[in-house]
Peer 1: 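Dropping a structure here in structure tokens format, bear with me for questions.
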Amino acid sequence: MYIQNQKFSDEETLLEQLFDFGLGEPSPQVKELMAAIDITVLNNADFQAYKATLSDEEEIMELDDDERRIALGEQLMARYQSFVVEKNQLFGIKDNDQVLLYSMDLF
């Protein structure tokens, strides 16, 4: 559900936007967060054990993507008070400062 020119502060909408903007270009800050999340997921023995029980490659990829997106959403929710989508870009807002998180070229 790609939204445009809307401000929101709930995690559910953020996760939907992270899914949509996952096709776009993450900011350097988001890239750093994603690199740290990748390490955390790889070192999560319980998650890796559960993943090993799955046989469908598509299901495994979807599980990995969901786990990483949820972790990113949690970290962004902790850092920002709200979020806004403007001009094909996703921003985090804290203390009236707007920080670019993702941009997407729709052409």
Side-chain angles (χ1 to χ4, degrees):
M1 173 187 84
Y2 180 72
I3 61 174
Q4 187 67 287
N5 302 323
Q6 291 186 23
K7 187 175 181 180
F8 58 93
S9 58
D10 64 289
E11 189 170 8
E12 182 179 341
T13 304
L14 176 60
L15 291 175
E16 290 173 359
Q17 294 311 298
L18 290 175
F19 178 82
D20 291 343
F21 277 94
L23 300 173
E25 180 64 32
S27 70
Q29 177 190 34
V30 170
K31 287 179 183 179
E32 285 181 30
L33 289 173
M34 290 168 56
I37 289 167
D38 285 345
I39 292 168
T40 301
V41 169
L42 288 173
N43 292 325
N44 182 333
D46 292 337
F47 178 76
Q48 295 302 325
Y50 172 70
K51 193 169 93 169
T53 66
L54 303 176
S55 59
D56 183 322
E57 285 298 318
E58 190 171 317
E59 188 175 348
I60 292 169
M61 287 176 25
E62 186 176 318
L63 178 69
D64 270 340
D65 288 346
D66 288 347
E67 185 71 14
R68 285 168 171 77
R69 188 172 25 265
I70 290 168
L72 179 59
E74 289 170 351
Q75 289 193 24
L76 292 174
M77 289 294 295
R79 289 176 183 230
Y80 298 101
Q81 297 159 332
S82 61
F83 304 88
V84 65
V85 175
E86 293 178 342
K87 300 179 183 173
N88 302 324
Q89 296 177 315
L90 173 63
F91 296 91
I93 302 171
K94 183 173 184 176
D95 300 329
N96 293 323
D97 289 330
Q98 206 166 281
V99 177
L100 178 64
L101 301 174
Y102 276 93
S103 60
M104 187 181 311
D105 185 6
L106 295 178
F107 299 105

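These numbers come from the heavy atoms of this one structure, side chains and all, not from hydrogens, waters or symmetry mates.
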Peer 1: Would Glu62 and Arg69 count as a salt bridge (Lys or Arg N to Asp or Glu O under 4.0 Å) here? Give the steps.
Peer 2: CA-CA 10 Å; Glu62 186 176 318; Arg69 188 172 25 265; over 6 Å; no
Peer 1: Establish whether Leu76 and Ile37 are linked, either directly or via other cluster members, by ILVMFWY side-chain heavy-atom contacts under 4.5 Å.
Peer 2: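 Same hydrophobic cluster.
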Peer 1: Starting from Phe21, can I reach Met77 by hopping between I/L/V/M/F/W/Y residues whose side chains sit under 4.5 Å apart?
Peer 2: yes
Peer 1: What distance separates Leu23 CG from Asp105 CG, expressed to the nearest 0.5 Å?
Peer 2: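 Leu23 atom CG to Asp105 atom CG measures 12.0 Å (nearest 0.5 Å).
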Peer 1: Check Asp64, Asp46, Asp56 against Lys51 for a salt bridge (Lys or Arg N to Asp or Glu O under 4.0 Å) and give me the one that passes.
Peer 2: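 It is Asp64, the one option of Asp64, Asp46, Asp56 that forms the salt bridge (Lys or Arg N to Asp or Glu O under 4.0 Å) with Lys51.
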Peer 1: Tell me the closest heavy-atom pair linking Val30 and Pro26, and the distance in Å.
Peer 2: CG1-CB, 3.7 Å
Peer 1: To the nearest 0.5 Å, what is the distance between CG (Leu100) and CD (Glu86)?
Peer 2: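 Separation between the atoms: 11.0 Å.
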Peer 1: Test side-chain contact (heavy atoms from CB on, under 4.5 Å) on Gln75 and Met34; report intermediate values, then the result.
Peer 2: CA-CA 10 Å; Gln75 289 193 24; Met34 290 168 56; over 6 Å; no
Peer 1: Hey, are the side chains of Leu101 and Phe83 touching, using non-hydrogen atoms and a 4.5 Å cut-off?
Peer 2: yes
Peer 1: Take Lys94 and Asp97, measure what salt bridge (Lys or Arg N to Asp or Glu O under 4.0 Å) needs, and give me the verdict at the end.
Peer 2: CA-CA 5 Å; Lys94 183 173 184 176; Asp97 289 330; over 6 Å; no
Peer 1: Taking the side chain as everything from C-beta on, heavy atoms only, tell me whether Thr13 gets closer than 4.5 Å to Gln6.
Peer 2: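 Contact flag for Thr13/Gln6 side chains = no.
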Peer 1: To the nearest 0.5 Å, what is the distance between CG on Asp65 and CD1 on Ile60?
Peer 2: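 The CG atom of Asp65 sits 12.0 Å away from the CD1 atom of Ile60.
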Peer 1: Can you measure from CD (Gln81) to CG (Asp95) and round to the nearest 0.5 angstrom?
Peer 2: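 Between Gln81 CD and Asp95 CG, I get 5.0 Å after rounding to 0.5 Å.
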Peer 1: Quick one: CD on Glu67 to OG1 on Thr40, what's the gap to the nearest 0.5 Å?
Peer 2: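 Output value for this atom pair is 10.0 Å.
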Peer 1: Do Gln48 and Val41 pass the side-chain contact (heavy atoms from CB on, under 4.5 Å) test, and can you show the C-alpha distance, the side-chain angles, and the key distance before you say yes or no?
Peer 2: CA-CA 8 Å; Gln48 295 302 325; Val41 169; 4.0 Å; yes
Peer 1: Just how far is it from atom CG of Leu18 to atom CG of Leu90, taken to the nearest 0.5 Å?
Peer 2: 6.5 Å
Peer 1: If hydrophobic clusters are built by linking Ile, Leu, Val, Met, Phe, Trp and Tyr wherever their side-chain heavy atoms come under 4.5 Å apart, do Phe8 and Leu72 end up in the same one?
Peer 2: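 Looking at the clustering, Leu72 is in the same group as Phe8.
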Peer 1: Please tell me whether Met104 and Leu33 are part of a single hydrophobic cluster in this structure, the criterion being side-chain heavy atoms less than 4.5 Å apart.
Peer 2: yes
Peer 1: Any side-chain heavy atom of Arg79 within less than 4.5 Å of one from Val99?
Peer 2: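 No, every pair of side-chain atoms sits at 4.5 Å or beyond.
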Peer 1: Which heavy-atom pair separates Ser82 from Lys7 by the least distance, and what is that distance?
Peer 2: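 Answer, listing the atom of Ser82 first, then Lys7: OG-CE, 3.1 Å.
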Peer 1: Is there side-chain contact between Tyr102 and Val85, with heavy atoms separated by less than 4.5 Å?
Peer 2: no
